[in-house]
Amino acid sequence: MPWLARGAVLVFALLAASGCGQDASTPSMTAAPLVPDIHSFARPAEARVTHVALDLHADFAARVLQGRATLTFVRRPEATELVLDTRGLEIARVLDSRQQPLAFRLDPAVEHLGQALVIALPASGDQVVVEYRTSPEAAALQWLTPAQTAGRIHPYLYSQGQAILTRTWIPTQDSPGIRQTYEASITVPRPLRVVMSAEMLTADGVDAGDGQRAYRFKMDQPVPPYLIAVAAGDIAFRALGPRTGVYTEPTMLASAASELEDLEKMIGAAESLGGPYRWGRYDVLVLPPSFPFGGMENPRLTFATPTILAGDKSLVALLAHELAHSWSGNLVTNATWSDFWLNEGFTTYFEYRIMEALYGRDRALMLATLGRNGLLREMADLPPADTRLAIDLRGRDPDDGMTSVAYEKGAALVLTIEQAVGRDRFDPWLRGYFNRHAFTSITTQQFVADLQQELIGGDAALRDRLDVTTWIEQPGLPAGAAQVASPAFGQVEAEARRFAQGARSATLDVEGWTPQQWQHLLEQLRPTPLSPAQLKDLDATHRLGDTGNSEILFAWLRVAVARQYAPAVPALERFLTTQGRRKFLKPLYEDLMASAWGQPLARRIYAQARPSYHAVSAQAIDAIVK
Ligand code: BES
Ligand code: ZN
């Protein structure tokens, strides 16, 4: 049999025959992904990138990164082209390893995907150098003016790669199935510090002349390119434990450090479930408020929104979530964006387990119930096909799959498996799953095969009871899904009913309520036709517009917008103009645009706020408001 199989099917047959899977340590052509990724132009079965070396300079005035990417690749001997993903990059030259120019072309742009960069390969050699610059509009990058930072003195830059934005700042094969090690040297103006999702080789940088400093990094473990991340600004550091710490602007360091004080303990809890933490350090970068997500699991360095700084650690589940991705997502990665639920569903389940271990079963159940309720609400509005776990993304932006289906239906499946066999059997399987697939990218089908072989085995009754095929292929939540219900929410629902029926808010029994109970109260009240007097009473008694908990504030503002409650508009305007988290912005703008009362408000506030949003959020809100 020729070892150079043509096409994914043959490669698969070959791998099965030889009994070898993807081997992270010795890149070879047999480690090519088994399934095509419709969101990448790369042809990894011919030539596949294994290592990226970046040498970039950050020009804050021009808002561009400029320099070179040296790509190492494995190839079939007869391969004639290396195909990379790019979007908006200006390519100056492509060179071979002896610095000789290579012919290249940029194919026409395809919606969502950008342009293929097709490089003509010489007969031999395994490296190319791409000299390039990014566009000031690069969707992964946000360049902040000093006024958009907490310190207001220095500019700031950060990247967000997931799902397919890395190609807007790095010319590489931007597919989660094509794992790459990387190294980088990033040069910035002197007072700024650079951090990356990698090991830091020069904590304080080295002088690069001309008022510049260079910071060097390396990541020796192969990661999908969406996890390559950078930030630069006036960034300070404080250690939290032996392998944990927090980076943020100096004015936020103290509050961030106290909010994150349980981080080291969280890793301990996560390790008891997932096995050893394999990435060395775990630090958190708390970003400026425009960061479009709650958190992003960049390896060794989670990026987080400052809206988690509630002051009372009530939002640390978000960190449990990003930490959990160190196993589900970063160690075992979705092979394509249709398998995204493997990342987020396992992680959401894992998040709840970490929260249970650290803060008890009640807290975990409250979180899981909030999540399940959100899923049921969102599924009612989604096209049925998009409520399947592995969704069809042909011709679509992978962002279309980033709904609570991946997170909460995914977590519901994992929980259902757990409850079907009990933790005594489930936990070893879960740890085994992470180990068997460590440093590889897998498909939903590979998950199903693992479950069948390693957990279900010959137990036909269990197989029928779980019915994983229905979970994966059918819309909606299967009838056999594990139930989640928080006992602490029963009382909340009773109080919500009393209030809706006219009880004064001062008479509500809210003694000792957790922030999750408040959030649940407000979610219960949202569909209720409350009067302006009732809203005024609620807000005056409990000062909801002033809460430091962004989830409660968000839930309150949704209640207020649903009832067109004008006195909440200043708080709404403040919230929409002082943070840029897409999950908070999108529903609020949608709610506003749903009424003649809200539309002019949405337009006025958005006109003011848009320049401060990251491209990820602006793109989502453009579609709602314009
Ligand atoms: N990986 C995601 C964020 C993401 C998903 C970015 C898809 C781009 C595309 C991250 O782990 C996440 O899920 N963040 C959530 C927080 C979490 C507690 C549900 C968020 O940002 O809200
Ligand atoms: Zn996640």
task: Not counting sequence neighbours, list each pair that qualifies as a ring-ring contact (aromatic ring centres under 6.0 Å, His included) and has a residue in residues 543-567.
output: F554-F584

Please name the pair of heavy atoms, one in [X] and one in [Y], separated by the smallest distance, quoted to 0.1 Å.
| X | Y | answer |
| --- | --- | --- |
| N549 | S314 | ND2-OG, 3.0 Å |
| A560 | A568 | CB-CB, 3.5 Å |
| G205 | R213 | O-NH2, 3.0 Å |

task: Apply side-chain contact (heavy atoms from CB on, under 4.5 Å) to S290 and list each qualifying residue two or more places apart in sequence or on a separate chain.
output: Q142, L144, Y158

message: I'd like to check the side-chain contact (heavy atoms from CB on, under 4.5 Å) partners of T70; sequence neighbours left out, ordered by chain and number.
response: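 For T70, the residues satisfying side-chain contact (heavy atoms from CB on, under 4.5 Å) (neighbours in sequence not counted) are A53, Q127, V129.
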
task: Could you name each residue pair satisfying salt bridge (charged side-chain N to carboxylate O under 4.0 Å, His left out) that touches residues 297-312, not counting sequence neighbours?
output: none

- prompt: Residues in side-chain hydrogen bond (donor to acceptor under 3.5 Å, both in side chains) with T248, at least two apart?
  reply: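 None.
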
message: List the residues meeting side-chain hydrogen bond (donor to acceptor under 3.5 Å, both in side chains) with R396, not counting sequence neighbours, and say none if there are none.
response: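 So R396 forms a side-chain hydrogen bond (donor to acceptor under 3.5 Å, both in side chains) with D386, D400.
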
Basic-acidic side-chain contact under 4.0 Å: [X], [Y]:
| X | Y | answer |
| --- | --- | --- |
| R152 | E249 | no |
| E137 | R63 | no |
| R93 | E131 | yes |

Pairing residues for [X] by the ring pair (Phe, Tyr, Trp, His ring centres under 6.0 Å) criterion, not counting sequence neighbours:
| X | value |
| --- | --- |
| Y156 | none |
| Y247 | F237 |
| W518 | W513, H542 |

For [X], enumerate each residue passing the salt bridge (charged side-chain N to carboxylate O under 4.0 Å, His left out) test, keeping only those at least two apart in sequence or located in another chain.
| X | result |
| --- | --- |
| D397 | none |
| R105 | E81, D107 |
| D283 | R281 |

query: Under 30°, 30 to 60°, or over 60°: which ring-plane class applies to F217 and Y215, parallel, tilted or perpendicular?
result: parallel

message: Between T347 and H321, is there a side-chain donor-acceptor contact under 3.5 Å, judged purely by atom types and distance?
response: no

- prompt: Under 6.0 Å from the CD atom of Q619, do we count more than 12 heavy atoms belonging to anything else shown?
  reply: no

